[in-house]
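Just so you know, these numbers use all the heavy atoms, side chains as well, and skip hydrogens, waters and symmetry mates.
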Amino acid sequence: MGSSTFALVLALALVACVTPAERKCLLSGSWRSDTGCRMVVSVLGEDGSFSGSYLPGPAVGDYEILTSPLEGSQQDAGLAPQPIFSFTVRWRLQDSETARTTVFLGQCYVGTNGEETLHSLWLLREAAESPTEDWKATRIGTSIFTRIK
């Protein structure tokens with residue numbers, strides 16, 4: 001009886017000492033990027049697929065960027081507590097006929113303080129008028145998102 005009680009107490013102690021790196025990072029919820037963009041992942045499927053909406057920060061140019069749909073997928077969080085993800089934003093622009101799409105690729109991390117962050121690389125593609133204009137149609141950058149509480 002004494003050894004099984006000890007084993008139970010030890011198991012409970014180990015569960016209570018889970019480090020933040022062992023906690024699972026969840027994509028669902030609201031996020032803010034280091035540039036002021038906001039993202040909401042509202043539907044997270046069992047197969048890792050997700051959808052939601054994206055609203056950029058201060059707009060550049062002569063058009064207003066509307067809340068735009070996003071769709072993506074993540075690695076199985078059961079296999080990797082800090083999953084890799086990707087998603088696509090199809091931009092909705094008011095008063096503009098230019099097509100734009102951004103693809104994000106990154107990883108969800110849990111820091112030592114338990115805070116989740118999304119580190120991503122993105123490619124923004126605009127429609128080009130011709131093959132000679134293709135060189136200026138793609139931009140690349142990085143973004144770090146933190147959870148909005």
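- Taking the side chain as every heavy atom from C-beta outward, Ser120 and Phe85 approach each other to under 4.5 Å.
- Counting only distance, with no hydrogens or angles, the side chain of Ser30 and the backbone of Val40 share no donor-acceptor pair below 3.5 Å.
- Put simply, the side chain of Arg92 gets close to the backbone of Thr67: a donor and an acceptor are under 3.5 Å apart.
- With rounding to the nearest 0.5 Å, the separation of NE2 in His119 from CG in Asp34 is 9.5 Å.
- Arg38 places none of its side-chain heavy atoms less than 4.5 Å from the side chain of Tyr54.
- A continuous path of ILVMFWY side-chain contacts below 4.5 Å connects Trp122 to Phe50, so both sit in one hydrophobic cluster.
- Applying the salt bridge (Lys or Arg N to Asp or Glu O under 4.0 Å) rule to pairs touching residues 138-149 yields Glu116-Arg147, Glu126-Arg139, sequence neighbours excluded.
- To the nearest 0.5 Å, the span separating CG on Leu105 from OG on Ser86 amounts to 6.5 Å.
- The line from CZ of Phe104 to OG1 of Thr142 is 10.5 Å long, rounded to the nearest 0.5 Å.
- Gln82 places no side-chain N or O within donor-acceptor distance of the main-chain N or O of Gln107, the cut-off being under 3.5 Å.
- Between the OG1 atom of Thr88 and the CD atom of Glu71 there is a distance of 8.0 Å, given to the nearest 0.5 Å.
- Here the side chains of Leu55 and Met39 are not in contact, with every heavy-atom distance at 4.5 Å or above.
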Problem set entry | Criterion side-chain contact (heavy atoms from CB on, under 4.5 Å) on Phe87 and Val103, from CA distance to verdict | CA-CA 6 Å; Phe87 64 91; Val103 178; over 6 Å; no
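- Side-chain atoms of Ser143 never come within 3.5 Å of backbone atoms of Gly141 as a donor-acceptor pair (strictly under, hydrogens ignored).
- Side-chain atoms of Trp91 and Thr102 form a donor-acceptor pair, as typed in the model, at a separation below 3.5 Å.
- In this structure, CZ in Phe145 is found 11.0 Å from CG in Leu27, a value given to the nearest 0.5 Å.
- Glu115 has its side chain out of reach of Val110: every pair of non-hydrogen atoms, C-beta onward, lies at least 4.5 Å apart.
- Taken to the nearest 0.5 Å, the OG1 atom of Thr101 stands 8.5 Å off from the CG atom of Leu124.
- Using a 4.5 Å heavy-atom cutoff, the side chains of Pro83 and Cys25 are in contact.
- Here the side chains of Trp31 and Leu118 are in contact, with some heavy-atom distance below 4.5 Å.
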